[in-house]
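Residue numbering restarts at 1 for every chain, and letters A, B, ... go by the order of the sequence lines.
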Amino acid sequence: MGPRSSKALCRLLESGALAAAEGLLGYVLVHQAPEGRLAGRIVETEAYTEDDPASHCFPGRTERNRAMFGPAGHAYVYVSYGMHRCMNVVTGHEGRGEAVLIRALEPLEGVEAMIVRRGWQGRAARDLCNGPGKVCQAMGIGLEFYGANLLAGGALRLEAGRLLANESIRVTPRIGISKAVDWPRRFVVRKSGP
DNA sequence: CGGCCGATTCGCT
DNA sequence: GCGAATCGGCCGC
């Protein structure tokens, strides 16, 4: 990924969570892990903004959500239900609390390592990364990446990618929330053509 | 300081 | 489909 596409991605993220949630589909999330390169194409996202009752930053700034108010392109990682981690890409300008939750990846590289990290017992390839907790477990994303810059070529980063000609985007309400349940802020890649 | 509640996942009914 | 596992943030006492 050259500096030009990195700049384009930065602009996309700064443009806001809604546009970024849609625009991130097809981009590749990469973790240069001890076992090697783990990579997956983003195929499902959700947008969370400051005015959104379902967002972690709706109540205001706290120690937990401070990364969401930081600059675009950094990671907001949180613990879910005590046992899972979920990763967001921070969007918008510094001072605004918003981010895009990475809900699912299509595994591209390091699939064997992902299977090991997920626990291979009876696990189909399609069940590796189809959920925000699964994404972090398969990719080895923990709280050590809280606030990490994903655009700086670090161990965890975003790389250019795109949708295929036979893929389109479906917009639906978000999953697993209890507030603003009908807001259409979930973006899913679906196979559309032949 | 005690209690409650998740942007979830998995296994069992 | 349902419920348990599990823990840190946040609110109320």
Side-chain angles (χ1 to χ4, degrees), chain A residues 13 16-25 27 29 31 38 40-70 72-92 96-107 111 113-148 150 156 158 169-189:
Chain A
L13 299 179
L18 272 294
E22 180 168 5
L24 274 172
L25 296 174
Y27 274 85
L29 183 64
H31 180 197
L38 310 177
R41 206 168 62 110
I42 298 172
V43 293
E44 182 179 341
T45 59
E46 285 178 358
Y48 290 88
T49 52
E50 218 170 339
D51 61 331
D52 173 3
S55 171
H56 286 166
C57 52
F58 184 70
R61 271 179 128 115
T62 66
E63 187 54 27
R64 177 206 201 191
N65 65 24
R66 70 184 153 78
M68 288 185 78
F69 292 86
H74 290 240
Y76 166 52
V77 184
Y78 68 93
V79 180
S80 177
Y81 289 88
M83 46 175 62
H84 308 291
R85 319 269 176 283
C86 298
M87 199 207 89
N88 293 251
V89 179
V90 175
T91 62
R96 297 281 310 223
E98 50 173 80
V100 171
L101 173 69
I102 306 301
R103 280 198 64 90
L105 301 176
E106 173 188 296
V111 173
M114 290 186 191
I115 291 172
V116 172
R117 284 181 178 273
R118 291 272 293 120
W120 65 75
Q121 187 179 11
R123 223 167 291 286
R126 48 171 299 174
D127 291 330
L128 265 188
C129 300
N130 59 341
K134 298 179 185 182
V135 166
C136 284
Q137 190 182 22
M139 292 284 291
I141 301 170
L143 292 175
E144 68 270 24
F145 288 108
Y146 187 98
L150 305 173
L156 185 64
L158 287 165
I169 299 170
R170 181 168 44 126
V171 186
T172 78
R174 293 167 295 184
I175 302 293
I177 57 175
S178 57
K179 300 161 210 156
V181 293
D182 55 341
W183 292 24
R185 294 193 163 198
R186 173 172 173 254
F187 300 82
V188 189
V189 173

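- Sequence neighbours left out, the pairs with a member in residues 75-85 of chain A that pass side chain to side chain donor-acceptor pair (under 3.5 Å) are A:His56-A:Tyr76.
- Within the nucleic acid shown, A:Leu101 comes within 4.0 Å of at least one base atom, counting heavy atoms only.
- Residues A:Val89 and A:Leu29 have side chains not in contact (no heavy-atom distance under 4.5 Å, counting atoms from C-beta outward).
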Secondary structure of DNA chain C in dot-bracket form (Watson-Crick or G-U wobble, distances below 3.5 Å, | marking inter-strand pairs): |||||.||||||.
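- Judged as a side chain to side chain contact (heavy atoms under 4.5 Å, CB included), and not counting sequence neighbours, the contacts of A:His31 are A:Ala33, A:Leu38, A:Met139, A:Phe145, A:Ala155, A:Leu156.
- For A:Asp51, the side-chain hydrogen bond (donor to acceptor under 3.5 Å, both in side chains) criterion is met by A:Thr49, not counting sequence neighbours.
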Report, one line per pair, each donor and acceptor closer than 3.5 Å where one atom sits in a side chain of residues 98-107 of chain A; sequence neighbours left out.
residue, atom, partner, partner atom, Å
A:Glu98, OE2, A:Ala17, N, 2.8
A:Glu98, OE2, A:Thr91, OG1, 2.8
A:Glu98, OE2, A:Gly92, N, 3.4
A:Arg103, NE, A:Glu44, OE2, 2.8
A:Glu106, OE1, A:Arg41, NH2, 3.3

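- Residues that satisfy the side chain to side chain contact (heavy atoms under 4.5 Å, CB included) test with A:Glu22, not counting sequence neighbours, are A:Ile169, A:Phe187.
- Of the residues in residues 80-88 of chain A, A:Tyr81, A:Gly82, A:Met83 come within less than 4.0 Å of DNA chain C through at least one heavy atom, sorted by number.
- Within residues 129-139 of chain A, no residue has a heavy atom under 4.0 Å from DNA chain C.
- For residues 52-62 of chain A, the set of pairs meeting the salt bridge (charged side-chain N to carboxylate O under 4.0 Å, His left out) definition, not counting sequence neighbours, comprises A:Asp52-A:Arg174.
- In this structure A:Arg64 satisfies the salt bridge (Lys or Arg N to Asp or Glu O under 4.0 Å) test with no other residue, sequence neighbours excluded.
- On the P atoms, C:dT6 is 15 Å away from B:dC12, given to the nearest whole Å.
- The closest donor-acceptor contact from the side chain of A:Asn65 to the backbone of A:Gly60 lies under 3.5 Å.
- A search for side chain to side chain contact (heavy atoms under 4.5 Å, CB included) contacts involving A:Pro53 returns A:Phe58, A:Lys179, A:Ala180, A:Trp183, not counting sequence neighbours.
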Table of protein N/O atoms under 3.5 Å from nucleotides 8-10 of chain C N/O atoms:
residue, atom, partner, partner atom, Å
C:dC10, OP1, A:Thr62, OG1, 2.4

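- Between the P atoms of B:dT13 and C:dA5, the separation comes to 15 Å (whole Å).
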